[in-house]
**Q** 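First the structure, which I've put down as structure tokens, then a few questions once you've had a look.
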Amino acid sequence: GDQQPYLLPSTHAVLQTHPAAMSGSDYNLPFLPGLTVSQPREKNHKAQGLSIVNGLPALTKEPAGSPSGKSTSRGRAVAAGNGTTAPAYVVHDKQALQFFAYFQEAVHERPGEQHRVRKVTIYFYLEDGTLQIAEKRQENSGLAQGMLLKRHRVPKPAPEDDEMFDVDDLNVGTTVTIYGRAYRIVDCDAFTRKYLTKCGVEVPEKEDYPYDPHEDAQRVKKEAMQPRKPLERVDALKQFLENDRKVLRFYTLWQEGSTKRYFILHYFLADDTMELREVLAPNSGHEGPAIFLKRQKVLKDRTKVVKGLGETARRTVLNTRGGTNDNRHMLDNLRTGSVNDDIYTDRDFALGATIDVYGRPILLCDCDNFTHEFYKVKYGLEEMAPVVVDEPAPESFDAPLPSHEGLAAIGSDADSMASVNKIIPQRPKKAVGTIANAGGGVPVDDRTALRFTALMVPNAHEREFVVSFFVSDDTISVHERPRRGAGGFPGGKFITRSKIKAADGRALGPEDFYVGAKVSLNGHVFELTNADEATLRTMSKCKLPQANVDTIVEKVQASGLTAAALKQMLQVDELSELCTPQQLEAALVGILTQHEVLTLRRYLNGSSNKEGGDAIDSLIQALSKLSFDRFKDLRQAFLFFDPDRNGMIELHDFKAACHKINLHVEDDLLEALFDQIGTRSAPINYNEFCEALDHRTRPDFSQSTSRSGQLTSDATMRRRKQDAPQIDGPLEINAVLDTLQLP
């Protein structure tokens, strides 16, 4: 009523000034929209109490439940002597104080029991100050036991209900009230006692629980339920569960006269049974199943196998009165009429001991590692020495192989041995020849053979033969050359390709075939007189005894021949420096064979290691003939290995193209041909090569391409052939002496 009216200039209206518009401000404005001034407000929000300290989350403000002067989780960590700035939930992670307490619960409408003592365990977790109360479950208690109070922060009773229980509120000998129920703490564990003592809190001694009539009544009732004379109980299930699949193994011997029979004894720890398995040796003379004694319990006294009436019962029923009408029976707990079945157990087994198995003395000789470890752990036996049994050495019997004669001669030896080695004959695998198995870089296929011209001994009709030894499988074939006036023999196949044995029973090999040798083939004797160039080259590469220069030189040196004596035999006169091949062969007769002399001549002339001349000319002629017959196939083979279509082909593709058109040529010949045409490392123009071989455009098909890519004439090729050393030409005497290195 004492306030003065305020007139607005615009409306001249008289308004009462609102007190809120004037309090705490110098402005005298009416309390109207748009005319009020904002006043500073009080901060009533909840402050942030969490932050990151040293990389760990921590409390930066004291919680509301921890008033000033009270210990907190941080205080507990410092009081425990940790001296760390880490938060309590890090220092006291998974740490809890354990107190043993009880509370009394009233029992209504039960005359013999007014209260019941319930024992609980109080857990206080140091990391967050939470409490948990659990009660141990009792049998037939009739109460809901177990977890009485879940883990959480528990407030104190009024009037301190704004505070929470802390570690300072729990100690032995104190009574705490939690949600209206009083718990008396009587004891704590060792960790809790040590922790409180370290914090400076004195922990009293342990208190006893009060008398509980209900617990006493339950104990008396349980004791009354136990019989005073219980029946004997055999816990077979426990023995089975502890020893299932545990078996002791002994190696035993039963000697019956001079015959020794070996067994394996298995003792099953799960049920004290055992079995005997006989080890049947080959040709032992014993037959039947391997189980000599099936699994069972074995009595020590075999006379008690058949028991009398009533002896098989586990218990005896006694008649206490003996009457016929009013009888009273009771069990014989003293087992006065029981029969003791003494069976073999693990205590009766030891190495060197003899057990009686139904009248058969079984000697325990050895055991396995598990059995040895079992007796070491259970009975303390460190060493168990095995029993050594003297056994005569077995007689070895080598069955003789049946001879390949008569009905057994049908087919090859491999076919006959298929019936000897297996009961059900199987198709024999294809044998690999000696040269093919040795390898050595010699290309071997089914058609590679050592071919010799031969004469039959005696040669009454002057018949000529070609003997072929196939190196892929060591088979031999003989063909007769047709010739007029050969006594009516038409020629052709004489011996089919097969393996042939020598007179001593062994199979003929490549070392038996050489120039000058006499071989017996199916009762016919053949003398090998000559060989072709491919055969001589293959034998030299494989270093067969008759074609190995080193072996020939050692053979001549071991003969005792001197250089002076050999030079005298080779010289026609004192000025002569050359000799003929016939002179060399005559000088070395009796020391070297005809093939060894031929090998020495080839080595001196350079034909054994020089790939030129006739071999290359033969290859060019073969390619020319092929190009005449199948010129398109040859060019298509080269195109197949030229994906870029640039007209050039390399050495390895050239070899593959020759094999593709079924031209099987040795790799060294192809390399020598490549060297004449170009170089091995650089490709050649196969179009020019094919044109040089084409009969239709160039009749002089023996032309070849030089290193510069130009075509050379036949005169050049003939000149190269004339310059090549001839095997039948004269030999230098000094070269022969230098090669043989005679003293």
**Q** If every non-hydrogen atom of L737 is compared with every non-hydrogen atom of A563, which pair is closest and at what distance?
**A**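 Looking at all heavy atoms of both residues, the shortest contact is CD2-O, 3.9 Å.
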
**Q** Nearest 0.5 Å, please: how far is CD in E533 from OG1 in T535?
**A**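 Reported to 0.5 Å precision, the distance equals 9.0 Å.
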
**Q** Just by modelled atom types, is the T496 backbone N or O under 3.5 Å from a matching donor or acceptor in the S498 side chain?
**A**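 The answer is yes, because a donor-acceptor pair under 3.5 Å joins these two groups.
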
**Q** Please examine the side chains of M569 and L561, heavy atoms only from C-beta on, and report whether any two atoms are closer than 4.5 Å.
**A**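 Side-chain contact under 4.5 Å: yes.
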
**Q** At what distance, to the nearest 0.5 angstrom, does CG of L598 lie from OH of Y514?
**A**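 So the CG of L598 and the OH of Y514 are separated by 13.5 Å.
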
**Q** Work out which heavy atom in H372 is nearest to a heavy atom in C367; give both atom names and the distance.
**A**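 Here H372 and C367 meet closest at N-SG, 4.1 Å.
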
**Q** Determine whether a donor-acceptor pair (N or O, by modelled atom type, separation under 3.5 Å) exists between the side chain of D474 and the backbone of G509.
**A**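 Pair absent, no side-chain N/O of D474 close to backbone of G509.
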
**Q** Distance check, rounded to the nearest 0.5 Å: T252 atom OG1 versus D366 atom CG?
**A**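 These two atoms lie 11.0 Å from each other.
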
**Q** May I have the list of side-chain donor-acceptor pairs in residues 547-554 shorter than 3.5 Å, sequence neighbours left out?
**A**
residue, atom, partner, partner atom, Å
N548, OD1, D550, N, 3.3
N548, ND2, T551, OG1, 3.1

**Q** A side-chain contact here means heavy atoms from C-beta on lying under 4.5 Å apart; do I264 and Y251 qualify?
**A**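 Of all side-chain heavy-atom pairs linking Y251 with I264, at least one is under 4.5 Å.
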
**Q** Show your reasoning for whether ring pair (Phe, Tyr, Trp, His ring centres under 6.0 Å) applies to F465 and F452.
**A** CA-CA 8 Å; F465 299 88; F452 301 88; over 10 Å; no

**Q** Considering non-hydrogen atoms only, spot the tightest contact between I591 and E596 and give its length.
**A**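 Between these two residues, the closest heavy atoms are O-OE1, 4.2 Å.
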
**Q** For the aromatic rings, using the six-membered ring if either is Trp, is the centroid distance between F250 and F263 under 6.0 Å?
**A**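 No.
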
**Q** Evaluate the side-chain proximity of F513 to L544: yes if any heavy-atom separation is below 4.5 Å, no if none is.
**A**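 SC-SC contact between L544 and F513 ruled out.
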
**Q** Just wondering, do E464 and L455 contact through their side chains at under 4.5 Å, heavy atoms?
**A**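 A side-chain contact under 4.5 Å exists here.
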
**Q** Please determine whether a side-chain nitrogen of the Lys or Arg among R497 and D473 lies less than 4.0 Å from a carboxylate oxygen of the Asp or Glu.
**A**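 Salt bridge: yes.
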
**Q** Rounded to the nearest 0.5 Å, what separation is found between the NZ atom of K555 and the OG1 atom of T593?
**A**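 Rounded to the nearest 0.5 Å, the NZ-OG1 separation comes out at 5.5 Å.
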
**Q** Quick check: closest heavy atoms across I500 and S520, and the distance to 0.1 Å?
**A**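 Heavy atoms of I500 and S520 come nearest at CG2-O, 4.5 Å.
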
**Q** Does D504, at its CG atom, have more than 12 non-hydrogen atoms belonging to other residues, nucleotides or ligands within less than 6.0 Å?
**A**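 Atom CG in D504 is packed in, count exceeds 12.
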
**Q** Is the CZ atom of R645 crowded by more than 12 outside heavy atoms at less than 6.0 Å?
**A**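 For R645, atom CZ is crowded (more than 12 foreign heavy atoms under 6.0 Å).
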
**Q** Please examine the side chains of V466 and R481, heavy atoms only from C-beta on, and report whether any two atoms are closer than 4.5 Å.
**A**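 Heavy-atom side-chain distance check passes, below 4.5 Å.
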
**Q** Considering all heavy atoms of both residues, which atom of L566 and which atom of A587 are nearest to each other, and what is their separation?
**A**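 Taking every non-hydrogen atom into account, CD1-CB, 3.8 Å.
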
**Q** If you measure from CG on D653 to CZ on F638, what distance do you get to the nearest 0.5 Å?
**A**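 CZ of F638 is found 10.5 Å from CG of D653.
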
**Q** Which value, rounded to the nearest 0.5 Å, describes the distance between Q594 atom CD and E527 atom CD?
**A**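 Q594 CD to E527 CD: 7.5 Å, rounded to 0.5 Å.
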
**Q** Please examine the side chains of I649 and D642, heavy atoms only from C-beta on, and report whether any two atoms are closer than 4.5 Å.
**A**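 When only atoms from C-beta onward are counted, I649 and D642 do not touch, as no gap falls below 4.5 Å.
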
**Q** Checking T599 side chain against H595 main chain: does a donor-acceptor pair fall under 3.5 Å?
**A**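 Checking the backbone N and O of H595 against the side chain of T599, a donor-acceptor pair under 3.5 Å is found.
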
**Q** Quick check: closest heavy atoms across C365 and V389, and the distance to 0.1 Å?
**A**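 Residues C365 and V389, closest heavy atoms: SG-CG2, 3.9 Å.
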
**Q** Given 3.5 Å as the limit, does a donor-acceptor pair link the side chain of R249 with the main chain of N369, or not?
**A**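 Side chain of R249 to backbone of N369: no pair is present.
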
**Q** Within the structure provided, determine whether V597 and L600 are in side-chain contact (heavy-atom separation under 4.5 Å).
**A**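 A side-chain contact under 4.5 Å is absent here.
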
**Q** Sequence neighbours left out, what passes side-chain hydrogen bond (donor to acceptor under 3.5 Å, both in side chains) with E278? Give chain and number order.
**A**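 Checked E278 against side-chain hydrogen bond (donor to acceptor under 3.5 Å, both in side chains); matches are R261.
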
**Q** For F370, I'd like to know if atom CZ has over 12 heavy atoms of other residues, nucleotides or ligands within 6.0 Å.
**A**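 Counting other residues, nucleotides and ligands, CZ of F370 exceeds 12 neighbours.
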
